[in-house]
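Written out below as structure tokens is the structure these notes cover.
Values reported hereafter were calculated over all heavy atoms of this structure, with side chains retained and with hydrogens, waters and symmetry mates removed. Chain letters run A, B, ... following the sequence lines, proteins first and then strands; every chain starts at 1. These numbers were taken from a predicted model, which means no experiment stands behind them.
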There are 2 protein chains.
Amino acid sequence: MSKRRTQILRAAVRVIAQDGVRGLRVDKLATEAGVSTALIYYHFKDRSGVLHSALDHINHNALSYTAITLAADPLEQLQEMLLLELQDTDDVRENSIAWGELRASAVFDHDLREALRATTRQRNADVEALLHQAGVTDDPALTAEHLTVLVEGLSERWHSGSITVERAREILTRAVRTLAGQ
Amino acid sequence: MSKRRTQILRAAVRVIAQDGVRGLRVDKLATEAGVSTALIYYHFKDRSGVLHSALDHINHNALSYTAITLAADPLEQLQEMLLLELQDTDDVRENSIAWGELRASAVFDHDLREALRATTRQRNADVEALLHQAGVTDDPALTAEHLTVLVEGLSERWHSGSITVERAREILTRAVRTLAGQ
DNA sequence: TAATCCTGACTAAATTTTCAGTCAAACCGC
DNA sequence: GCGGTTTGACTGAAAATTTAGTCAGGATTA
């Protein structure tokens, strides 16, 4: 992928994290990326194309975050993986907010839905696999879905200021123990 | 509050539920409310003023429509109350989508946060009270928060087309049983 | 130099916001 | 109760602004 392209996408994540998908203006994006608006149209078909690619990019980021998990025990690994999205560091927060925005936008933008659905399914599958490894046999698919939904919900509450990260992490930790623990 | 004003706000909720906060056009709102665009500026300072009032309005609605529960058993009552937001009827869907939009908007609009926080807290308290009645003694506040977050997450997934209502209800029902049941 | 990358300047369309003015009802001194 | 006056609710139309998207051509690099 071209250097410029990623430069623009990185800027897009920043803008989305700051103003939302709703607030993403091509003009502002150009300024943030330090390029002209025309260049954006050179690299992407249109605004919606930027959004789509940004979604991929965000998704990619999220995946790479979750790949850093080291724990040996699958249950611990699962917990670590889920908790990764609830970390108050600039990178994670930015990505998590952007990701939340894309989910929220998909409610009204049907074009985003398919991509979102695929990622969501993938994520569920990953969690389900870990649950399996951890020896959970009682409908692990449902538990997986429960947990991923919970992370999304906690994430949104955190970003909208209705809960602290610490509390969110506490709820999630406890949930893993209750739903998947022994 | 003037009759016209509420008429406009009601229309705003409908428009927001259909097109989202970002998709609210003053013009379309006027048509939906059956008034002229100028009247909107007569009653509200500007577009952003309408949005703000509309989101307050939605916030109010969200509180009032959870009160209709009838079941005798507190656990059943709890389940009914939580499931209320996961019903595929026009009224509920509209309200639920609008409420989701409010939450999503609060991520970027700090003015909305206080109102949202209050409602969320109230909701948690209601659920916690029912858990108490149901004989849950092990950190009911945390369980309450877990459940309300879960409803929000499921709601958003449903509206963005990543899950069916039926599946969402299944997950929630099971969650209530697991977390609060015997 | 030819392909690729990139920009300033621009346009068309969409959208918000203003404004001059209408109309009906309330108010007031008589 | 009655002309005259003020006020609040409301509108049509147009101005002002915002925003996505285009295009002709300049720079860069292979």
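Between A:Arg169 and A:Glu166 there is no salt bridge, since no side-chain N of the basic residue sits under 4.0 Å from a carboxylate O of the acidic one. Checked for salt-bridge contact, A:Arg123 and A:Glu152 miss the test: no charged N lies under 4.0 Å from a carboxylate O.
Between the side chains of B:Gln7 and B:Arg10, no donor N or O sits under 3.5 Å from an acceptor N or O.
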Restricting to nitrogen or oxygen on both sides, can you table the protein-nucleotides 7-9 of chain D pairs closer than 3.5 Å?
residue: D:dA9; atom: OP2; partner: B:Tyr42; partner atom: OH; Å: 2.4
residue: D:dA9; atom: O5'; partner: B:Tyr42; partner atom: OH; Å: 3.4

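Between its two ends, the helix from C:dT1-D:dA30 to C:dC30-D:dG1 turns its axis by 30°, counting five pairs per end and rounding to 10 degrees.
In this structure, the side chains of A:Trp99 and A:Asn61 stay at 4.5 Å or more apart for every pair of heavy atoms. Residues B:His146 and A:Thr178 fail the side-chain proximity criterion, which asks for heavy atoms closer than 4.5 Å.
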Which side-chain N or O atoms in residues 102-116 of chain B pair as donor and acceptor under 3.5 Å with protein atoms at least two apart or in another chain?
residue: B:Ser105; atom: OG; partner: B:Glu101; partner atom: O; Å: 2.7
residue: B:Asp109; atom: OD1; partner: B:Asp111; partner atom: N; Å: 2.9
residue: B:Arg113; atom: NE; partner: B:Ala106; partner atom: O; Å: 3.1
residue: B:Arg113; atom: NH2; partner: A:His159; partner atom: O; Å: 2.8
residue: B:Arg113; atom: NH2; partner: B:Val107; partner atom: O; Å: 3.4
residue: B:Glu114; atom: OE1; partner: B:Arg117; partner atom: NH1; Å: 3.1

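How far CG of A:Asn59 is from OG of A:Ser53: 12.5 Å, rounded to the nearest 0.5 Å. Rounding to the nearest 0.5 angstrom, the gap separating the CG atom in B:Leu150 from the CZ atom in B:Arg174 is 13.0 Å. Atom CD of A:Glu156 and atom CD1 of A:Ile97 lie 11.0 Å apart (nearest 0.5 Å).
Across B:Val127, B:Leu84, B:Leu82, a single residue satisfies side-chain contact (heavy atoms from CB on, under 4.5 Å) together with B:Val151, and that is B:Leu82.
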At under 4.0 Å between heavy atoms, which parts of nucleotides 12-30 of chain D does protein reach? Answer with one letter per nucleotide, 5' to 3': B base, S sugar-phosphate only, - none.
-> B------SSBBB-------

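Read 5' to 3', the first and last nucleotides of DNA chain C with an atom closer than 4.0 Å to a heavy atom of chain B are C:dT15 to C:dC19.
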May I have the step-by-step check of side chain to side chain contact (heavy atoms under 4.5 Å, CB included) for B:His60 and B:Thr119, ending in yes or no?
-> CA-CA 8 Å; B:His60 259 157; B:Thr119 312; over 6 Å; no

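Sorted by first and then second residue, the ring pair (Phe, Tyr, Trp, His ring centres under 6.0 Å) pairs involving residues 18-51 of chain B (not counting sequence neighbours) form an empty list.
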